[in-house]
A.B. asks: 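What follows is a single structure, and I will ask about it in a moment.
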Amino acid sequence: MNAIGGQISALVWNIFNRPRLIDLIDILLLTVVIYQLLVHVRQTRVSQTIKGIVILLVATWLSDVVGMRTIHALLSWLINAGPVLLIVLFQPEIRRILEELGTSSVFDAAARMQQMNNTELIIDELILALGHMARRRVGALIVIERGIRLDDVIATGTRVDGLISQPLIENIFEPNTPLHDGAVIVRGERVVSAACLLRLSDTTGVGRDLGTRHRAGLGVSEVSDATVFIVSEETGIISMAEGGRLVRHLDEASLRSILHGLYDQKEEKENRLSASLLHFRQRRKEAHDERQTEKKV
């Protein structure tokens, strides 16, 4: 415990007394890593464990202050053995986080190119599924996640984690099947969860001819930036909810335009981030070359 306190004190002293550019970059990267970890562990059992670890650290500090040597020694042993225990207990979560990091399009150029090539296929599959269900008068509710993550909504449904395809979507919404009630959550190019529960919209501007699906689609669009596609079971009309507004009577051309706007915008953002990282690496290389030249001179 004293060693940890000494390391923290040394870190704080270095931050406030000897700040360098590399220190600021180090702090920024650490902040990003911690933020991403918190995003991944939110709404999972890992978050409860983190709370338990905080309580354990506080209890260890209090036992040291009060002078309870036996309890302090036991808690200190638990803290020292903690990393190994966490790796054993949360092996699936750690593996999932590492897999997501390894398949991230920021670090994997091949995955990014494959995603760009699959965009048109994904859009075609969604349009075919929506059009076929509209002709058959099969009710559907598809939520496409954007910037705001919908982990709380995903937790209310059944995990699917399948690549977007017309047969998969139509099979989910087929009447008299276990998953046909509720919403499907789409994240990127995958169907994450089905039969999810959504809060209904409280707005009074919804027409009387619109049912629960339309109110649920409007409800999730009011509290997030998601784009929602709704197929009416009574009329077969395809609608879109976004930002608390409902647009009805969508055809194939309008669906294609909307979906291209969603997926092309995501790819453009990823390309900009990739270009920024490449520019940063180039600047670092140039600065390194200049320093080497100055040393030789």
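Just so you know, residue 1 is the first one in the sequence shown, and it goes up from there. Fair warning: this is a prediction, and the values are worked out from it, not measured in the lab.
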A.B. asks: Salt bridge or not for E252 and R256, using N-O below 4.0 Å?
C.D. replies: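 Counted as a salt bridge, because a side-chain N and a carboxylate O are separated by less than 4.0 Å.
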A.B. asks: Which atoms form the tightest heavy-atom contact between E222 and S201, and what is the distance?
C.D. replies: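 Closest pair (atom of E222, atom of S201, distance): OE2-OG, 2.7 Å.
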A.B. asks: Whether the T227 and E242 side chains hold a donor-acceptor pair (N or O, under 3.5 Å, no angle test) is what I'd like checked.
C.D. replies: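 A pair is found: one side chain offers a donor N or O, the other an acceptor, under 3.5 Å apart.
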A.B. asks: To the closest 0.5 Å, what do you measure between CD1 (I123) and CG (L128)?
C.D. replies: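 One finds 12.0 Å between CD1 of I123 and CG of L128.
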A.B. asks: Whether the side chain of S221 engages the backbone of L218 through a donor-acceptor N/O pair (distance < 3.5 Å, no angle test) should be reported.
C.D. replies: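 Checked: pair present.
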A.B. asks: Rounded at 0.5 Å granularity, tell me how far OG1 in T60 sits from CG in L56.
C.D. replies: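 Interatomic distance, T60 OG1 to L56 CG, rounded to 0.5 Å: 4.5 Å.
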A.B. asks: Let me confirm one number: the OG-CG distance from S165 to L126, rounded to the nearest 0.5 Å.
C.D. replies: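 If I round to the nearest 0.5 Å, the distance is 9.5 Å.
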A.B. asks: Return yes if some donor-acceptor pair links the side-chain N/O of Y263 with the main-chain N/O of G188 below 3.5 Å, else return no.
C.D. replies: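 A pair under 3.5 Å: yes.
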A.B. asks: Please check if the side chain of E145 supplies one atom and the backbone of L150 the other of a donor-acceptor pair under 3.5 Å.
C.D. replies: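 The answer is yes, because a donor-acceptor pair under 3.5 Å joins these two groups.
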A.B. asks: Using 0.5 Å steps for rounding, measure from the CG atom of L179 to the SG atom of C196.
C.D. replies: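 If we round to the nearest 0.5 Å, L179:CG and C196:SG are 9.5 Å apart.
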A.B. asks: Quick one, V184 and L141 - any side-chain contact, counting heavy atoms below 4.5 Å?
C.D. replies: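 Contact flag for V184/L141 side chains = no.
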A.B. asks: Evaluate the side-chain proximity of E189 to L163: yes if any heavy-atom separation is below 4.5 Å, no if none is.
C.D. replies: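 The answer is yes, as the side chains (C-beta and beyond) meet within the 4.5 Å cut-off.
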A.B. asks: In the single-linkage hydrophobic clustering (I, L, V, M, F, W, Y; side-chain heavy atoms under 4.5 Å), do V223 and I144 co-cluster?
C.D. replies: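 No, V223 and I144 fall in different hydrophobic clusters.
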A.B. asks: Apply the test side-chain hydrogen bond (donor to acceptor under 3.5 Å, both in side chains) to residues S232 and T235: give CA-CA distance (whole Å), side-chain angles for both, the deciding distance (0.1 Å), then the verdict.
C.D. replies: CA-CA 6 Å; S232 173; T235 63; 3.1 Å; yes
A.B. asks: Is there side-chain contact between V138 and H132, with at least one heavy-atom pair below 4.5 Å?
C.D. replies: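 Sidechains of H132 and V138: no contact.
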A.B. asks: Using side-chain heavy atoms (C-beta onward) and a distance below 4.5 Å, is I230 in contact with I238?
C.D. replies: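 Side-chain contact under 4.5 Å: no.
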A.B. asks: Could you check whether any side-chain N or O of T156 sits under 3.5 Å from a backbone N or O of L197, counting only pairs where one atom can act as donor and the other as acceptor?
C.D. replies: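 Yes.
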A.B. asks: Using modelled atom types only, decide if a donor and an acceptor are shared between the side chain of S254 and the backbone of L250 within a distance under 3.5 Å.
C.D. replies: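 Flag not set: sc S254 to bb L250 has no pair under 3.5 Å.
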A.B. asks: Taking NZ, NE, NH1 and NH2 as the nitrogens, is one of them in R213 or E234 under 4.0 Å from a carboxylate oxygen of the other?
C.D. replies: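 Here R213 does not pair with E234 in a salt bridge, since their nearest N and O are not under 4.0 Å apart.
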A.B. asks: Minimum heavy-atom separation for S239 to L246, with atom names?
C.D. replies: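 That would be CB-CD1, 4.0 Å.
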A.B. asks: I'd like to know if the side chain of S193 and the backbone of T158 have a donor-acceptor N/O pair within less than 3.5 Å.
C.D. replies: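 Looks like yes, one N/O pair under 3.5 Å.
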A.B. asks: With side chains defined as the heavy atoms from C-beta onward, is the minimum distance between I169 and M133 less than 4.5 Å?
C.D. replies: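 A side-chain contact exists here, since the closest heavy-atom pair is under 4.5 Å.
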A.B. asks: Quick one: closest heavy-atom pair of A216 and L198, and the distance?
C.D. replies: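 Closest pair (atom of A216, atom of L198, distance): O-CD1, 3.8 Å.
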A.B. asks: Does CZ in R136 sit with more than 12 non-hydrogen atoms of other residues, nucleotides or ligands closer than 6.0 Å?
C.D. replies: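 Check passes, neighbour count above 12.
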A.B. asks: With heavy-atom distances below 4.5 Å as the criterion, would you say the side chains of F173 and I142 are in contact?
C.D. replies: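 They are in contact (side-chain heavy atoms under 4.5 Å apart), so the answer is yes.
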A.B. asks: Under 3.5 Å, side chain of H180 to main-chain N/O of T177, donor-acceptor pair present?
C.D. replies: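 Yes, H180 side chain to T177 backbone: donor-acceptor pair under 3.5 Å.
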A.B. asks: Can you check whether L75 reaches D64 side chain to side chain, under 4.5 Å on heavy atoms?
C.D. replies: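 With C-beta onward as the side chain, the pair stays apart.
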A.B. asks: Do any N or O atoms from the side chain of S224 and from the backbone of V220 form a donor-acceptor pair under 3.5 angstrom?
C.D. replies: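 Indeed, once roles are kept as given, a pair shorter than 3.5 Å links the two residues.
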A.B. asks: If I take atom CG from residue L74 and atom CE from residue M68, how far apart are they, to the nearest 0.5 angstrom?
C.D. replies: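 Taking CG in L74 and CE in M68, the distance rounds to 13.0 Å.
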A.B. asks: Does any N or O in the side chain of D161 come within less than 3.5 Å of the main-chain N or O of V192, such that one atom is a donor and the other an acceptor?
C.D. replies: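 No, because the side chain of D161 does not come within donor-acceptor range (under 3.5 Å) of the backbone of V192.
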A.B. asks: L262, L255: one ILVMFWY side-chain cluster at the under-4.5 Å cut-off?
C.D. replies: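 Yes, one cluster joins them.
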A.B. asks: Taking it one step at a time, do R187 and D151 satisfy salt bridge (charged side-chain N to carboxylate O under 4.0 Å, His left out)?
C.D. replies: CA-CA 11 Å; R187 176 179 292 167; D151 292 336; 2.8 Å; yes
A.B. asks: With salt bridge (Lys or Arg N to Asp or Glu O under 4.0 Å) as the rule and sequence neighbours excluded, what pairs involving residues 66-84 come up?
C.D. replies: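 Qualifying pairs: none.
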A.B. asks: Kindly work out whether a path of hydrophobic side-chain contacts (I/L/V/M/F/W/Y, heavy atoms less than 4.5 Å apart) joins L130 to I237.
C.D. replies: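 Result: no, two separate clusters.
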A.B. asks: How far apart are the closest heavy atoms of E125 and P167, and which atoms are they?
C.D. replies: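 Shortest heavy-atom contact: OE1-CD, 4.1 Å.
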A.B. asks: Looking at E233 and R137, is there a salt bridge between them, counting it only when a charged N and a carboxylate O are closer than 4.0 Å?
C.D. replies: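 Salt bridge: no.
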A.B. asks: Can you find a heavy atom in the side chain of I172 that is under 4.5 Å from one in the side chain of V191?
C.D. replies: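 Yes - at least one pair of side-chain heavy atoms lies under 4.5 Å apart.
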A.B. asks: Same cluster or not: L30 versus L28, using hydrophobic residues (I, L, V, M, F, W, Y) connected whenever any side-chain heavy atoms lie under 4.5 Å apart?
C.D. replies: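 Each belongs to a different hydrophobic cluster.
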A.B. asks: Under a single-linkage definition using a 4.5 Å side-chain heavy-atom cutoff for Ile, Leu, Val, Met, Phe, Trp and Tyr, are L200 and F229 assigned to the same hydrophobic cluster?
C.D. replies: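 Different clusters.
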A.B. asks: How close do V231 and A134 get, counting heavy atoms only, and between which atoms?
C.D. replies: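 Shortest heavy-atom separation between V231 and A134 comes out as CG1-CA, 3.8 Å.
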